[in-house]
There are 2 protein chains.
Amino acid sequence: MAWKRISDAVIRRLPLYLRVLEEVKDKQISISSQELGDMAGVRPALVRKDLAWFGEFGKQGVGYDVEFLQDELRKILHLDEPIHMALVGVGSLGHALARYHHRRFMEDPIFTIKLVALFDVNPNLVGATLDSIPIFHPDEIAAVVPDMDVQMAIITVPSDVAQETGVALAQAGVKAILNFAPVNLEIPGNVHVANADLSLELQRLAYYIGT
Amino acid sequence: MAWKRISDAVIRRLPLYLRVLEEVKDKQISISSQELGDMAGVRPALVRKDLAWFGEFGKQGVGYDVEFLQDELRKILHLDEPIHMALVGVGSLGHALARYHHRRFMEDPIFTIKLVALFDVNPNLVGATLDSIPIFHPDEIAAVVPDMDVQMAIITVPSDVAQETGVALAQAGVKAILNFAPVNLEIPGNVHVANADLSLELQRLAYYIGT
DNA sequence: TAGATTGTTAATCGATTAACAATC
DNA sequence: TAGATTGTTAATCGATTAACAATC
């Protein structure tokens, strides 16, 4: 399976397929690459090629068994068991994302990524909880991350401390980071960083108001 | 200039270059594609190719004049004059994004995308303001958008009303939408939609915790 | 069996990189 | 002038699409 590196473009579409499968799972037993593609906004040939990287999940003349494919995709994305996540920087954005994520987690039983720890330098927050999630000082990252088995993190700290925050998380054992700070993080080791810089996205979109 | 469609991959890198230029503009007069590329995380040849789509901005043996290139990139991205933006759905996420964006706008004079109107169905919010930005009922989109010259919008409404919200915005004349709802919007006309679905991003990242 | 749909191969398309003549 | 660096062309690389034999 992991003998060949699978491109990021492929991985990016798997959660899209997962969303479609969840939507149709009560209505039908199987789904064709045609239908799955239509609903996900992807060409059927590409759907088949994407899935074929991981195994032979379909049946000729029939399509893919919805629940089986759902299970397989969950396994591939490590969503078949709980994932622990931390969030560093409980400012206005961090606070909102924490609450938003927590509500999502509570409402949707198949959403397995759980926020278990928050970090902030504000002494008024340290020691308190938000939606019953404990808030620690960032100095405790090295201790808390292994302790709570945290594997992913969201960074919502100010730009000037984003880099050191990323490094601290990586050294503590975090494997994937979603970074909202408007800086390009340079993280050592094989830690995957995804950027979710709102202002960059808006500036990019501005291009299209003139077409 | 617009005689040939410029690929989205190119447009996506322009704000990155803009950020680098802003960072160095007090320290140096000109910058080479090598240095610009290093700081933006892009190969120098690609930097030159990207910029060459829009004109001949550099000087052989010297590089690019920082302020001149900044001006040109701002013009290309329509960031040389104020852009009015609306946000629909003042729930916890929308509320936080509005405040976050507003602070960014106030602090950073070169950030020209201004949030001028909020929309929400909650009668306790309609008629009030947030950071002095007025909150309207979504029924008023058709009237307010042309009135206030709104060109971009952020959607943070619940999934089940995201599609109709998008259509209403498009019909009112909005040209670009940043959608945080976990649905694939089908918007008529040449409206550009970018998705910023947090849960999709996290599910994608989860793949990398096992590598 | 006949019809449908997969998994896979080959063809196409598009984006990135390397190389270099032009020239500041 | 000599050195540096652009803009552009050709080569490479990777991702998507079309086509179809295999088979449920």
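Labels below follow one simple rule: chain letters A, B, ... track the order of the sequence lines, proteins then strands, and each chain is numbered from 1.
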With no hydrogens and no angle check, just 3.5 Å: does a side-chain donor-acceptor pair link A/Ser33 and A/Arg48?
yes

Residues B/Arg13, B/Asp50: salt bridge by 4.0 Å N-O rule
yes

Figure out the CG/P separation between A/Leu51 and D/dT16, and round it to whole Å.
13 Å

Report the residue (A/Gly63 or B/Val62) whose heavy-atom-nearest nucleotide on DNA chain C is the more 5′ of the two.
A/Gly63

The side chain of B/Tyr64 is closest to which nucleotide in this list: D/dT5, C/dA18, D/dG7?
D/dG7

Upstream residue (5' side of DNA chain D) when A/Gln60 and A/Arg48 are each assigned their closest nucleotide:
A/Arg48

Side chains of A/Asp8 and B/Tyr208: do they bring a donor and an acceptor to under 3.5 Å?
yes

Could you please name the option among C/dA18, D/dT16, C/dT16 that lies closest to any side-chain atom of A/Ala9?
D/dT16

In whole Å, what is the span from the CG atom of A/Asp38 to the P atom of C/dT5?
12 Å

Compare side-chain N and O positions of B/Arg13 against OP1 and OP2 of C/dT16 and report whether any pair is under 4.0 Å apart.
yes

Check the distance between C/dG14's P and B/Arg12's CZ and give it to me in whole angstrom.
18 Å

Closest approach to the side chain of A/Lys49, judged atom by atom: which nucleotide of C/dG7, C/dT9, D/dG7 is it?
C/dT9

Return the value, rounded to whole Å, for the distance between atom CG of A/Asp8 and atom P of D/dT16.
11 Å

Does C/dT5 have a Watson-Crick or wobble partner in any strand here, with both distances under 3.5 angstrom, and which is it?
D/dA22

Indicate the ring-plane relationship of B/Tyr207 and A/Phe54, choosing parallel, tilted or perpendicular according to the 30° and 60° boundaries.
perpendicular

Rounded to the nearest Å, what distance is computed from the NZ atom of residue B/Lys59 to the C1' atom of nucleotide D/dG3?
17 Å

Rounded off to whole Å, could you give me the CG-to-P distance for the B/Leu69 and D/dT6 pair?
11 Å

Strand partner of C/dA15, provided both Watson-Crick or wobble distances fall under 3.5 Å
D/dT12

Roughly, in whole Å, what's the span from CG in A/Asp50 to P in C/dT6?
13 Å

Taken to the nearest whole Å, CH2/A/Trp53 to P/D/dG14 is 11 Å

Looking at A/Arg43 and A/Asp38, is there a salt bridge between them, counting it only when a charged N and a carboxylate O are closer than 4.0 Å?
no

Taking 4.0 Å as the cut-off, does a side-chain nitrogen or oxygen of B/Ser33 come that near to OP1 or OP2 on D/dT5?
no

